[in-house]
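Values below: all heavy atoms of this structure, side chains included; hydrogens, waters and symmetry mates excluded. All values reported here derive from a predicted model rather than from experimental measurement.
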Amino acid sequence: MKALAIDTTNNVLGIAIVDEEKVIGEYITNLKKNHSVRAMPAIERLLSDCDLSPKQLDRIVVATGPGSYTGVRIGVSIAKTMAWSLQIPIVGVSSLEVLAANGRFFPGYISPLFDARRGQVYTGLYEYTDEGLVTIEKDQNILLSDWLTMLEAKNKKVLFVGNDVEIHKETIHRLLGNKSELAQVVLNNPRPGELGMMGLGKETSDVHSLVPNYIRLAEAEAKWLEQQK
């Protein structure tokens, strides 16, 4: 089974083609550029380089968020369009879960992190066990200080991973001390190959019912809903 994986949820643009045995091809950039004009050419180039046509794909796997509202929409829209036009299954995977996978060999909890501004972060808590990567605390939008207080009470070493960890490293060290560890910089990009492999093992979704997981509303949407009350 061959799957195309797409991640446009943050600055990292990640495209991969995988099967059950290997990552066939992988494309990653970490740039502040418009995914809407770069994602499809990247998909086409990777398929061409791997000598594959879209009709040879068996599944589409997409990171559904959280992350940039626009970025999440771009990836989900591309994935749904391709799955529908090719008449193949689609699978959505948490973008935080994909990032957490980079902590595979860490002997403790893993906290993938995206900055959400105003002292808030998108994060969740994961751990590798004999069953693979398991969720300890569900993905959420939370004040970093509250998150760190909760983690401190768990009394277990935590690996923080993600390109936005650098923004919050002083707060992490101050509130969690030696219970915290920051991932090496080479681990901070979510890997589309990981996304693809995860998608091979998850249940598929109906292409029309799969939706982005923003976790929280955009500020403009929240204000609009408040005005309607």
Side-chain angles (χ1 to χ4, degrees), residues 5-14 28 30-32 35 61-77 79 91-103 106 108-128 133-154 158-176 180-183 185 187-192 194-195 198-199 202 210-223 225:
I6 304 167
D7 187 353
T8 63
T9 54
N10 289 280
N11 284 341
V12 173
L13 169 62
I28 304 173
N30 182 15
L31 303 166
K32 290 185 178 181
H35 294 330
V61 184
V62 62
T64 55
S68 157
Y69 295 105
T70 301
V72 171
R73 282 194 289 268
I74 290 169
V76 171
S77 296
V91 178
V93 180
S94 160
S95 51
L96 287 168
E97 182 181 359
V98 177
L99 184 55
N102 288 354
F106 183 74
Y109 292 143
I110 306 161
S111 179
L113 184 152
F114 302 141
D115 181 56
R117 300 182 182 180
R118 300 177 182 175
Q120 300 179 83
V121 294
Y122 294 114
T123 190
L125 197 63
Y126 296 83
E127 184 179 24
Y128 271 99
L133 185 64
V134 298
T135 302
I136 305 300
E137 298 285 345
K138 68 178 183 179
D139 294 352
Q140 54 196 280
N141 174 224
I142 187 172
L143 282 169
L144 179 61
S145 57
D146 291 344
W147 180 249
L148 296 174
T149 298
M150 183 275 293
L151 293 179
E152 202 279 333
K154 288 184 178 293
V158 183
L159 175 71
F160 291 88
V161 58
N163 288 304
D164 292 339
V165 170
E166 179 70 18
I167 300 172
H168 300 285
K169 65 179 182 181
E170 291 184 6
T171 302
I172 291 171
H173 286 318
R174 177 167 51 84
L175 297 182
L176 211 56
S180 65
E181 187 166 329
L182 308 187
V185 67
L187 298 177
N188 285 332
N189 285 345
R191 297 298 300 266
E194 290 278 9
L195 170 62
M198 285 180 174
K202 292 181 180 289
L210 186 141
V211 294
N213 179 23
Y214 300 120
I215 293 186
R216 73 176 187 187
L217 294 174
E219 186 174 354
E221 293 173 305
K223 288 181 177 179
L225 287 173

Task: Distance-minimising heavy-atom pair for P212 and V72 - done: CB-CG1, 3.3 Å
TODO: Indicate the atoms forming the closest heavy-atom contact of P112 with I110, along with that distance.
DONE: CD-O, 3.4 Å
Task: Check: V93 and V98 side chains under 4.5 Å, non-hydrogen atoms - done: yes
Open item on the list: So which atom in P190 and which in L99 form the shortest heavy-atom distance, rounded to 0.1 Å?
Closed with: N-CD1, 3.9 Å
Task: Heavy-atom side-chain contact between Q120 and L144 under 4.5 Å - done: no
Open item on the list: Using ring centroids (six-membered ring only for Trp), state whether Y126 and Y109 fall under 6.0 Å.
Closed with: no
Open item on the list: Using modelled atom types and a 3.5 Å cut-off, is there a donor and acceptor pairing between side-chain atoms of Y214 and backbone atoms of T64?
Closed with: no
Task: Student check: side-chain heavy atoms of L113 and V161 closer than 4.5 Å - done: no
TODO: Measure across T9 and A63 and return the closest heavy-atom pair with its distance rounded to 0.1 Å.
DONE: CG2-O, 3.5 Å
Open item on the list: Do V76 and V211 have side chains that approach each other closer than 4.5 Å (heavy atoms only, starting at C-beta)?
Closed with: no
- [ ] Check whether any side-chain heavy atom of D139 lies under 4.5 Å from a side-chain heavy atom of Y122, and answer yes or no.
- [x] no
- [ ] Would you check, one step at a time, whether the test side-chain contact (heavy atoms from CB on, under 4.5 Å) holds for F114 with N163?
- [x] CA-CA 8 Å; F114 302 141; N163 288 304; over 6 Å; no
- [ ] Identify the heavy atoms of G199 and V91 that sit nearest to each other, and give their distance.
- [x] O-CG2, 3.7 Å
Task: Salt-bridge criterion met for E137 and K154 (N-O under 4.0 Å) - done: yes
Task: Donor-acceptor under 3.5 Å (H168 side chain, G119 main chain) - done: no
TODO: Kindly say whether N189 contributes a backbone atom to a donor-acceptor pair with the side chain of N102 at under 3.5 angstrom?
DONE: yes
TODO: For side-chain contact (heavy atoms from CB on, under 4.5 Å), just list the numbers for T123 and S111, CA-CA rounded to whole Å, side-chain angles, deciding distance to a tenth of an Å, and then say yes or no.
DONE: CA-CA 6 Å; T123 190; S111 179; 2.8 Å; yes
